[in-house]
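Just below is one structure, and these are the notes that go with it.
Position 1 is the first residue of the sequence, and the numbers go up from there. Just so it is clear, the model here is predicted, and its values are computed rather than measured. Any value given below was found using the heavy atoms of this structure, including those in side chains, with hydrogens, waters and symmetry copies removed.
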Amino acid sequence: MNKIYYLASCDTCRKIIKSLPKGISLEFHDIKQDPITAEELEKMHLLSGSYEALFSKKAQLYKSMDLKNKSLTEDDYKKYILEHYTFLSRPVFIINDKIYIGNTQQNMLQVMKAFENV
C-alpha cells in the first residue's frame, strides 16, 4: 500500500496533497492525529538509510530546544521523531517500497514520476 505521512495543519502538506494525481491509491496518515509508531519509523529508516534523513531541522522545537548546538546521534534523531510529530520531515511518501522525504521541488517531481508507475 502506498502511503503519505503528513500534517493536516501544514499548509505545504495540504497544497502538495491537492496537487497529487486524481484516482491514485494512497493511504493518508496524519501524524498529529495518529502518531507514527516505532515500527513505522523503523520501516522508514530501512528505506531511507538513516533517522537523520527523516528528521526536520526546520521544526520550531529544533530551534527552541537548541538542538542545532548539540551533536545528535541516530538514536537521538529516532527518539525525537517518536517523541514529537513535528520532528518528522514531511511529507513522507512511501510509493512501491521507495521513500520520498520532504517537500523540495526535486523530491515532489520524483513523487509525481513515481505515481505514473503506480
Side-chain angles (χ1 to χ4, degrees):
M1 168 55 73
N2 297 322
K3 195 167 191 173
I4 178 177
Y5 294 88
Y6 71 104
L7 189 56
S9 59
C10 170
D11 289 338
T12 303
C13 286
R14 286 199 303 260
K15 190 165 69 174
I16 287 168
I17 289 168
K18 272 188 175 176
S19 74
L20 294 174
K22 302 292 177 243
I24 56 170
S25 175
L26 188 64
E27 183 181 331
F28 291 83
H29 185 133
D30 181 352
I31 59 174
K32 185 175 183 181
Q33 298 300 319
D34 184 15
I36 60 172
T37 64
E39 185 179 297
E40 289 170 317
L41 184 58
E42 194 56 39
K43 181 179 181 181
M44 288 183 216
H45 175 258
L46 287 171
L47 293 171
S48 68
S50 82
Y51 291 109
E52 184 176 8
L54 295 161
F55 188 85
S56 173
K57 293 181 178 172
K58 295 177 184 172
Q60 294 289 334
L61 273 179
Y62 180 73
K63 294 172 181 88
S64 68
M65 293 171 71
D66 198 33
L67 296 179
K68 69 178 180 288
N69 293 317
K70 296 186 174 138
S71 291
L72 299 178
T73 65
E74 280 289 290
D75 285 341
D76 292 329
Y77 290 122
K78 178 182 179 180
K79 176 181 77 106
Y80 285 122
I81 292 169
L82 288 173
E83 279 179 4
H84 203 279
Y85 64 87
T86 195
F87 286 121
L88 182 68
S89 189
R90 26 180 217 278
V92 173
F93 286 90
I94 298 177
I95 306 167
N96 294 334
D97 288 323
K98 196 164 187 296
I99 193 164
Y100 304 88
I101 305 162
N103 58 27
T104 64
Q105 187 176 8
Q106 181 183 356
N107 192 53
M108 292 317 303
L109 287 171
Q110 290 177 330
V111 166
M112 294 304 179
K113 197 174 195 96
F115 278 125
E116 291 173 8
N117 301 318
V118 172

Using the rule that Ile, Leu, Val, Met, Phe, Trp and Tyr join whenever any side-chain heavy atoms are under 4.5 Å apart, tell me whether [X] and [Y] fall into a single cluster.
X: Tyr100; Y: Phe115; result: yes
X: Ile17; Y: Ile36; result: no
X: Ile94; Y: Leu20; result: no
X: Leu82; Y: Met65; result: yes
X: Leu88; Y: Leu47; result: yes

Compare all side-chain heavy atoms of [X] with those of [Y] and state whether any distance is below 4.5 angstrom.
X: Asn103; Y: Lys15; answer: no
X: His29; Y: Lys3; answer: yes
X: Lys78; Y: Leu41; answer: yes
X: Tyr51; Y: Thr73; answer: no
X: Asp76; Y: Phe55; answer: no
X: Phe93; Y: Met108; answer: yes

Once you round to the nearest 0.5 Å, how far does [atom1] of [X] lie from [atom2] of [Y]?
X: Ile101; Y: Leu54; atom1: CD1; atom2: CG; answer: 4.5 Å
X: Lys57; Y: Tyr77; atom1: NZ; atom2: OH; answer: 3.5 Å
X: Ile31; Y: Ser9; atom1: CD1; atom2: OG; answer: 9.0 Å
X: Glu83; Y: Leu61; atom1: CD; atom2: CG; answer: 10.0 Å
X: Tyr6; Y: Lys32; atom1: OH; atom2: NZ; answer: 12.5 Å
X: Asn107; Y: Ile16; atom1: CG; atom2: CD1; answer: 8.5 Å

**Q.** Within the 6.0 Å centroid threshold, strictly below: Tyr62 and Tyr80
**A.**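 Ring-ring flag for Tyr62/Tyr80: false, centres at least 6.0 Å apart.
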Q: Please test Val92 against Ile4 for side-chain contact (heavy atoms from CB on, under 4.5 Å), starting from the C-alpha separation and ending with a verdict.
A: CA-CA 6 Å; Val92 173; Ile4 178 177; over 6 Å; no
Flag if over 12 foreign heavy atoms under 6.0 Å of [atom1], [X]:
X: Lys70; atom1: NZ; answer: yes
X: Lys63; atom1: NZ; answer: yes
X: Lys79; atom1: NZ; answer: yes

Q | Criterion side-chain contact (heavy atoms from CB on, under 4.5 Å) on Ile81 and Met44, from CA distance to verdict | A | CA-CA 12 Å; Ile81 292 169; Met44 288 183 216; over 6 Å; no
Q) When you measure from the side chain of Asn2 to the backbone N and O of Asn96, does any donor-acceptor pair fall under 3.5 Å? A)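 Checking the backbone N and O of Asn96 against the side chain of Asn2, a donor-acceptor pair under 3.5 Å is found.
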Q. Got a donor-acceptor contact below 3.5 angstrom from the Glu74 side chain to the Glu52 backbone?
A.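 Yes.
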Q) In terms of side-chain geometry, is the basic nitrogen of Arg14 or Asp11 positioned less than 4.0 Å from the acidic oxygen of its partner? A)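 Here Arg14 pairs with Asp11 in a salt bridge, since their nearest N and O are under 4.0 Å apart.
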Q. When you look at Lys98 and Gln110, which way does the side-chain contact (heavy atoms from CB on, under 4.5 Å) test go after all the steps?
A. CA-CA 11 Å; Lys98 196 164 187 296; Gln110 290 177 330; 5.8 Å; no
Q | Worked verdict on Lys43 versus Glu39 for side-chain contact (heavy atoms from CB on, under 4.5 Å) | A | CA-CA 6 Å; Lys43 181 179 181 181; Glu39 185 179 297; over 6 Å; no
